[in-house]
Amino acid sequence: MADPVIKAHELSKCYRIGLAGSRPKTLREAIMRGISTPVRNLARLQKLTRFTGEELRGGGEDVIWSLRNVSFEVNEGDVLGIVGGNGAGKSTLFKILSRVTEPTGGYAEINGRLSCLLEAGAGFHPELTGRENIYLSGAVLGMTKHEIKTKFDEIVRFAEIEKFLDTPVKRFSSGMYIRLAFAVAIHLEPDILLIDEVLAVGDIAFQKKCLGKIKSFAREGRTILFISHNTEIIKNLCSSAIWLNNGRLVKAGAVDEIIEEYENH
Amino acid sequence: MIIRPRKGWQLIDLKELNSYKELLYFLVAKEIKLRYRQTVLGGLWIVVQPFFLMIVFTVFMGKLAKLPSDGIPYPVFYFSAMIAWQYFAGAVTRSGNSLIINMKLISRIYFPRLLIPLTPALAGLLDFFIAFAVLSGMMLYFHIYPTVMALFLPFGVLIMVLAASGVGLFLAALSVKYRDITATTPFLLQLWMFASPIVYPASMVPVKYQLFYAINPVTGVIEGLRAALLGTVPFPWHIMLVSAITSMILFISGLIYFQQAERYFADII
């Protein structure tokens with residue numbers, strides 16, 4: 001059997017929460033605190049990116065593990081659904097796999113070109129026109145100028161915004177904006193595509209269109225990781241699934257089995 | 001590719017940077033397009049500011065305070081310094097703020113973060129060259145002709161870009177953690193302006209302090225520019241050399257600091 005395209009080994013990510021200190025009790029204490037504020041602020045800001053050995057081993061009051069020792073493998077052509085409640089670590093996982101942030105511990109091996117859609121329109125600039133934004137956000141997502149040029153018409157047709165190509169996107173309706181953002185993203189051709197909940201946008205017809213596009217993507221043998229709270233879509237789209245809860249991997253396996261357990265837990 | 005926590009010093013991945021050069025091109029184009037969009041004066045803004053500053057300086061610093069100008073008509077003397085200073089101040093400010101402005105991009109999409117602060121430093125060059133063309137026109141008007149040393153101007157421009165990018169990289173990386181930077185930058189630049197030979201010639205600084213004065217890379221840029229174009233003083237090799245060295249140090253240390261800080265940008269910005 002071929003090597004997995006994604007191999008995550010004990011991935012962990014730790015964030016600092018930033019607890020508020022206690023309130024001063026006396027006037028004298030309040031004044032002293034006021035004077036020492038810069039020193040305390042500096043210490044607090046420096047601590048943001050520094051973790052003590054204790055915190056890294058056992059955790060502490062002021063830290064949270066968004067992911068803790070999560071290991072899984074994805075093979076080429078798999079469509080993997082990721083389920084879990086809010087704060088389960090799904091988006092953190094995507095951020096690590098797409099290199100937006102680095103893990104605190106563990107490692108992941110990626111074989112192939114990977115694109116991540118954490119949020120439609122993140123690469124857009126409101127002042128630029130639709131046409132300019134297609135080029136800019138395409139480049140931000142890793143497309144070459146040539147690729148964007150050849151797909152330009154297809155993107156415009158998919159988004160149904162032909163008339164507004166030269167209007168700044170800040171004047172777009174929110175539906176138009178989202179359609180264009182998704183159209184650019186879905187026309188990427190990575191080997192591995194991470195999609196986070198972006199389907200929860202647009203009207204029903206557009207959602208169906210997007211789903212169709214993702215399905216045809218999967219049929220071409222590309223690997224897809226898909227986060228959604230909509231278990232119906234996951235069941236419809238994915239072959240396998242993993243379930244995350246509070247940063248830990250609860251279970252990985254065939255999609256029906258995982259979804260059933262997730263829905264009944 | 002393996003993703004793991006990075007430890008210690010990191011080299012800059014030149015191969016990866018190279019593969020993102022098209023993105024750099026798009027970012028620079030965006031920066032230039034956006035600067036004057038939905039404005040009335042548009043590209044004229046590039047010259048409006050240095051032009052009026054030049055008039056103010058000519059009236060107050062030149063005619064009233066009677067500061068020396070190495071024998072050059074005041075308008076040309078001031079405008080030649082203003083174009084370099086406008087580039088420097090603009091690039092440092094925009095570079096320094098660039099990460100915070102692009103917060104959403106940084107926390108959602110991966111690409112080499114270095115491109116973000118470098119973009120304003122490159123985009124600012126267009127303004128610089130346009131203002132430079134205006135300066136050439138003024139020189140013609142006053143019958144001032146460049147010396148043969150004008151061949152060294154690209155070298156001066158390089159010092160200017162490296163120094164501005166270096167400071168910009170530091171400020172940008174610091175601003176992710178310490179928002180004080182946004183408040184500090186205008187103040188820092190105000191002090192810096194008076195530490196540079198803009199409203200006065202470098203020849204006013206006592207000779208024994210000149211090398212010390214040249215540690216400020218803007219000194220080398222402006223003195224070199226004035227000497228080469230206006231023939232104010234013999235070409236100041238020693239000043240240029242010191243300024244070139246400091247600009248290199250600023251740029252390289254800026255890169256190193258940025259590279260170190262980059263790993264936590266998405267987490268705390």
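Chain A forms more heavy-atom pairs under 4.5 Å with one residue of Leu34(B), Asn102(B), Asp180(B), Leu27(B) than with any other, namely Leu34(B).
Thr104(A) touches chain B through its backbone: at least one of N, CA, C or O sits under 4.5 Å from a heavy atom, while the side chain does not. Of the two parts of Ile96(A), the backbone and the side chain both hold a non-hydrogen atom closer than 4.5 Å to a non-hydrogen atom of chain B. The contact between Gln38(B) and chain A is made entirely by side chain atoms (from C-beta outward), counting heavy-atom distances below 4.5 Å. Looking at Lys95(A), the atoms closer than 4.5 Å to chain B (heavy atoms on both sides) all sit in the side chain, from C-beta outward. Of the two parts of Lys7(A), neither the backbone nor the side chain holds a non-hydrogen atom closer than 4.5 Å to a non-hydrogen atom of chain B. When heavy atoms are compared at a cutoff of 4.5 Å, Tyr135(A) approaches chain B by way of both its backbone and its side chain. Heavy atoms closer than 4.5 Å to chain A are found nowhere in Leu115(B), neither backbone nor side chain. In this structure, the portion of Tyr25(B) lying under 4.5 Å from any heavy atom of chain A is its side chain and not its backbone. Both the backbone and the side chain of Arg108(B) come within less than 4.5 Å of a heavy atom in chain A. The parts of Glu109(A) that come within reach of chain B are both its backbone and its side chain, each placing non-hydrogen atoms under 4.5 angstrom from that chain. For Lys33(B), the part lying under 4.5 angstrom from a heavy atom of chain A is the side chain only. Of the two parts of Ile268(B), only the side chain, counted from C-beta on, holds a non-hydrogen atom closer than 4.5 Å to a non-hydrogen atom of chain A. Heavy-atom distances place both the backbone and the side chain of Ile109(B) under 4.5 Å from chain A.
Considering every non-hydrogen atom in both Gly106(A) and Pro5(B), the closest pair reads O-CD, 3.2 Å. Listed here is the closest heavy atom pair of Lys177(B) and Leu45(A): CD-O, 3.4 Å. The two residues Tyr110(B) and Val100(A) have their closest heavy-atom pair at N-CG2, 3.6 Å. Smallest separation of non-hydrogen atoms from Phe26(B) and Ala139(A): CD1-CB, 3.2 Å.
Rounding to the nearest 0.5 angstrom, the gap separating the CZ atom in Arg263(B) from the OG1 atom in Thr101(A) is 11.0 Å. Summarising the geometry, atom CD belonging to Glu102(A) is positioned 12.0 Å from atom OH belonging to Tyr264(B); distances are rounded to the nearest 0.5 Å. The CG atom of Leu136(A) lies 8.0 Å from the CG atom of Leu105(B); values are rounded to the nearest 0.5 Å. Atom CG of Leu11(A) is separated from atom CD1 of Ile3(B) by 8.0 Å, given to the nearest 0.5 angstrom. For the atom pair CD (Glu22(B)) and CE (Met143(A)), the distance works out to 12.0 Å, reported to the nearest 0.5 Å.
A salt bridge links Glu16(B) with Arg99(A): the distance from a Lys NZ or Arg NE/NH1/NH2 to an Asp or Glu carboxylate oxygen falls below 4.0 Å.
With a 4.5 Å cut-off on side-chain heavy atoms, Asp267(B) and Lys13(A) count as touching.
Remark: Gln46(A) CD is packed, more than 12 non-hydrogen atoms of other residues, nucleotides or ligands lying under 6.0 Å away. Residue Phe51(B) qualifies as open at atom CZ: its count of foreign heavy atoms under 6.0 Å is 12 or below. In the displayed structure, Met193(B) atom CE is contacted under 6.0 Å by more than 12 heavy atoms of other residues, nucleotides or ligands. Within 6.0 Å of NZ in Lys149(A) there are 12 or fewer heavy atoms belonging to other residues, nucleotides or ligands.
Heavy-atom proximity under 4.5 angstrom to chain B picks out Gly123(A), His125(A), Glu127(A), Leu128(A), Thr129(A) from residues 123-130 of chain A.
Contacts of Glu154(A) classified as salt bridge (charged side-chain N to carboxylate O under 4.0 Å, His left out), with partners at least two apart in sequence or in another chain: Lys213(A).
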